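A quick write-up on the structure given underneath.
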Amino acid sequence: MEKREQIYEGKAKKVFATDDAELVIVSYKDDATALDGLKKGTIAGKGAVNNRMSNFLMQILEKEGVPTHFVKELSDRETVVKKVSIVPLEVIIRNISAGSFAKRYGVEEGIVFDAPTIEFSYKNDELHDPLINSYHAVALKLATSAEIDRIKEMAFKVNSVLREYFLRLGVKLVDFKLEFGRLPDGTIVLADEISPDTCRFWDSKTNEKLDKDRFRRDMGGVEDAYREMMKRVFGSC
Ligand code: TMP
Ligand code: ASP
């Protein structure tokens with residue numbers, strides 16, 4: 001396969017065309033942003049951690065029956081994925097209160113929910129990714145009602161697989177954000193990434209934060225946290 005021109009550059013990844021119209025190559029950067037892009041920095045080694053971890057987790061999910069965009073890891077930072085049209089929704093699952101949930105409802109972080117929750121944000125930089133409900137998403141034609149049902153089903157399945165997986169590594173999966181895409185035939189697949197950028201990971205015993213919150217909140221030890229998660233995932237297989 002041949003890598004062709006860059007077709008997109010996001011905050012954390014670049015996407016390149018290939019000689020196959022159905023495949024693209026994603027290249028993970030060390031760049032990090034937070035607070036809607038206001039806070040910028042780099043996290044050394046992050047691109048490789050996120051690429052390798054995301055690919056590994058997507059392969060676990062595929063085995064559990066969740067279709068994903070993953071095709072083939074090319075190198076530490078580059079992966080071939082199926083070209084999809086992204087559904088412009090950020091799908092957030094929460095098991096424990098944290099972040100914007102704790103802030104919005106005025107509750108402490110760390111409350112374990114009886115059942116996981118789901119919410120959607122409209123992926124729209126100009127509007128700053130506002131919270132949206134599924135009826136509004138359908139009204140805006142961001143997705144059909146059947147697609148949203150499928151996305152919810154897949155997102156909860158991802159949660160049950162990954163929550164159990166991380167628990168065995170001594171990590172609580174607090175919450176995470178997923179994105180989904182459509183293949184040319186309309187099939188919905190899991191896309192984007194699953195990494196310490198997009199998940200909250202807390203050490204099971206100490207509740208130490210092992211994810212991007214260390215960058216968002218200027219806590220220090222950012223690189224160490226990404227390295228520790230890498231060790232937990234790849235030290236165990
Ligand atoms: P939140 O509590 O700030 O809404 O974040 C919920 C989860 O979503 C958390 O695991 C971090 C992840 N997330 C992203 O991946 N990208 C984003 O832009 C935001 C705001 C959150
Ligand atoms: N990456 C997002 C931004 O720059 C936010 C985040 O992950 O906290 O806005």
Side-chain angles (χ1 to χ4, degrees), residues 8-15 26 28-43 46-47 49-51 53-54 57-58 68-69 86-113 116-133 151-152 154-156 158-159 161-163 165-167 171-181 190-203 207-219 222-223 225-226 228-229 233:
Y8 176 77
E9 178 161 8
K11 291 174 192 151
K13 296 189 281 296
K14 295 178 183 174
V15 181
V26 287
Y28 284 71
K29 307 190 282 187
D30 284 352
D31 298 351
T33 63
L35 307 170
D36 214 12
L38 280 178
K39 184 180 167 73
K40 289 190 173 68
T42 52
I43 301 174
K46 170 171 92 76
V49 170
N50 290 4
N51 180 47
M53 191 184 297
S54 188
L57 297 175
M58 290 219 186
T68 78
H69 70 166
I86 287 283
V87 176
L89 294 172
E90 298 198 337
V91 180
I92 294 159
I93 297 275
R94 300 180 192 270
N95 296 304
I96 299 175
S97 67
S100 68
F101 181 98
K103 202 170 165 196
R104 178 176 307 115
Y105 301 118
V107 296
E108 74 215 64
E109 296 196 307
I111 302 165
V112 180
F113 301 144
T117 68
I118 191 165
E119 78 213 39
F120 302 101
S121 293
Y122 176 20
K123 261 173 78 71
N124 183 316
D125 282 339
E126 264 169 54
L127 300 176
H128 312 290
D129 300 344
L131 200 63
I132 190 169
N133 74 34
I151 285 170
K152 281 186 189 161
M154 287 170 72
F156 282 120
V158 169
N159 185 48
V161 172
L162 293 188
R163 193 178 183 182
Y165 170 75
F166 281 112
L167 203 57
V171 172
K172 292 180 193 169
L173 179 59
V174 174
D175 57 30
F176 56 94
K177 184 261 306 181
L178 301 175
E179 294 186 27
F180 292 85
L190 181 62
D192 195 50
E193 67 180 271
I194 310 173
S195 71
D197 272 24
T198 62
C199 302
R200 285 195 173 95
F201 296 127
W202 293 357
D203 179 85
N207 280 341
E208 184 189 356
K209 295 186 198 310
L210 298 171
D211 58 64
K212 192 180 166 190
D213 266 354
R214 303 197 75 90
F215 171 81
R216 295 188 187 101
R217 302 181 186 192
D218 293 318
M219 297 170 73
V222 185
E223 278 89 357
Y226 280 71
E228 175 62 24
M229 281 309 299
V233 170

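Whatever order the structure lists ligands and atoms in, that order sets their numbers, starting from 1. Computed from heavy atoms alone, side chains included, the values below leave out hydrogens, waters and symmetry copies. Only a predicted model underlies this, so the values are computations on that prediction, with no experimental measurement involved.
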*Which atom names give the shortest non-hydrogen contact between Trp202 and Ala98, and what distance separates them?*
CZ2-CB, 4.1 Å
*asked:* Is it the case that the side chain of Asp211 and the backbone of Phe201 share a donor-acceptor pair, with hydrogens and angles ignored and the cut-off at 3.5 Å?
replied: yes
*Around atom 4 (O) of ligand 1, find the nearest protein heavy atom and jot down its residue, atom name and distance.*
Ser100 OG, 2.6 Å
*Is_contact(atom 20 (C) of ligand 1), protein non-hydrogen, under 4.0 Å*: no
*Please identify which atoms of ligand 1 are closer than 4.0 Å to at least one heavy atom of Phe176.*
10 (O)
*Counting only heavy atoms, which portion of Asp197 has something under 4.0 Å from ligand 1: side chain, backbone, both, or neither?*
backbone
*List in chain and number order the residues that pass side-chain hydrogen bond (donor to acceptor under 3.5 Å, both in side chains) with Glu208, two or more places apart in sequence or in another chain; answer none if no residue qualifies.*
none
*Can you find a non-hydrogen atom of Arg216 under 4.0 Å from ligand 1?*
yes
_Can you confirm whether the side chains of Lys13 and Asn51 place a donor and an acceptor under 3.5 Å from each other?_
no
*Heavy-atom distances under 4.0 Å are what count here, so tell me which part of Ser121 touches ligand 1: side chain, backbone, both or neither.*
neither
*Of Glu109, Lys103, Arg200, which has the heavy atom at the shortest distance from atom 3 (O) of ligand 1?*
Arg200
*What is the nearest protein non-hydrogen atom to atom 18 (O) of ligand 1, stated with its residue, atom name and distance?*
Glu90 OE1, 4.0 Å
*Should Arg200 and Asp175 count as an ion pair when the cut-off is N to O under 4.0 Å?*
yes
_Any side-chain to backbone donor/acceptor pair from Asp129 onto Ser121? Under 3.5 Å, distance only._
no
*Please say whether Asp129 places an N or O atom under 3.5 Å from an N or O atom belonging to ligand 1.*
no
*Validation row: Met154, Ile151 side chains within 4.5 angstrom (heavy atoms)*: no
*asked:* Among residues at least two apart in sequence or on other chains, which ones pass side-chain hydrogen bond (donor to acceptor under 3.5 Å, both in side chains) with Ser195?
replied: Asn50, Glu193
*Report the distance from atom CD1 of Ile132 to atom CD of Glu119, rounding to the nearest 0.5 Å.*
12.5 Å
*So, for Lys123 and Val87, which heavy atoms are closest and what is the spacing to 0.1 Å?*
CD-O, 4.4 Å
_Show the atoms of ligand 1 that are less than 4.0 angstrom away from any heavy atom in Gly99._
2 (O)
Can you list every pair where an N/O of ligand 2 is under 3.5 Å from an N/O on the protein?
| residue | atom | partner | partner atom | Å |
| --- | --- | --- | --- | --- |
| ligand 2 | 1 (N) | Thr33 | O | 3.4 |
| ligand 2 | 1 (N) | Thr33 | OG1 | 3.4 |
| ligand 2 | 1 (N) | Lys212 | NZ | 3.2 |
| ligand 2 | 4 (O) | Thr33 | OG1 | 2.4 |
| ligand 2 | 4 (O) | Ala34 | N | 3.4 |
| ligand 2 | 4 (O) | Gly37 | N | 3.1 |
| ligand 2 | 7 (O) | Lys212 | NZ | 2.8 |
| ligand 2 | 7 (O) | Arg216 | NH2 | 3.1 |
| ligand 2 | 8 (O) | Arg216 | NE | 2.6 |
| ligand 2 | 9 (O) | Asp36 | N | 2.8 |
| ligand 2 | 9 (O) | Gly37 | N | 3.1 |

*Answer yes or no: does an N/O atom from Glu119 fall short of 3.5 Å to an N/O atom of ligand 1?*
no
Check residues 29-37 and write down every donor-acceptor pair under 3.5 Å in which the side-chain atom is one partner and the other belongs to a residue at least two apart or another chain.
| residue | atom | partner | partner atom | Å |
| --- | --- | --- | --- | --- |
| Lys29 | NZ | Glu9 | OE2 | 2.6 |
| Lys29 | NZ | Gly10 | O | 2.9 |
| Asp30 | OD1 | Lys46 | N | 3.2 |
| Asp30 | OD1 | Gly47 | N | 2.8 |
| Asp30 | OD1 | Arg77 | NH1 | 2.9 |
| Asp30 | OD1 | Arg77 | NH2 | 3.2 |
| Asp30 | OD2 | Gly45 | N | 3.1 |
| Asp30 | OD2 | Arg77 | NH2 | 3.2 |
| Asp36 | OD2 | His128 | ND1 | 2.3 |

*Does the side chain of Phe180 come within less than 4.5 Å of Leu190's, by heavy atoms?*
yes
*Could you check which of Glu179, Lys212, His128, Lys177 puts a non-hydrogen atom nearest to atom 16 (N) of ligand 1?*
Lys177
_Closest protein heavy atom (residue, atom, distance) for atom 9 (C) of ligand 1_ = Asp175 OD1, 3.2 Å
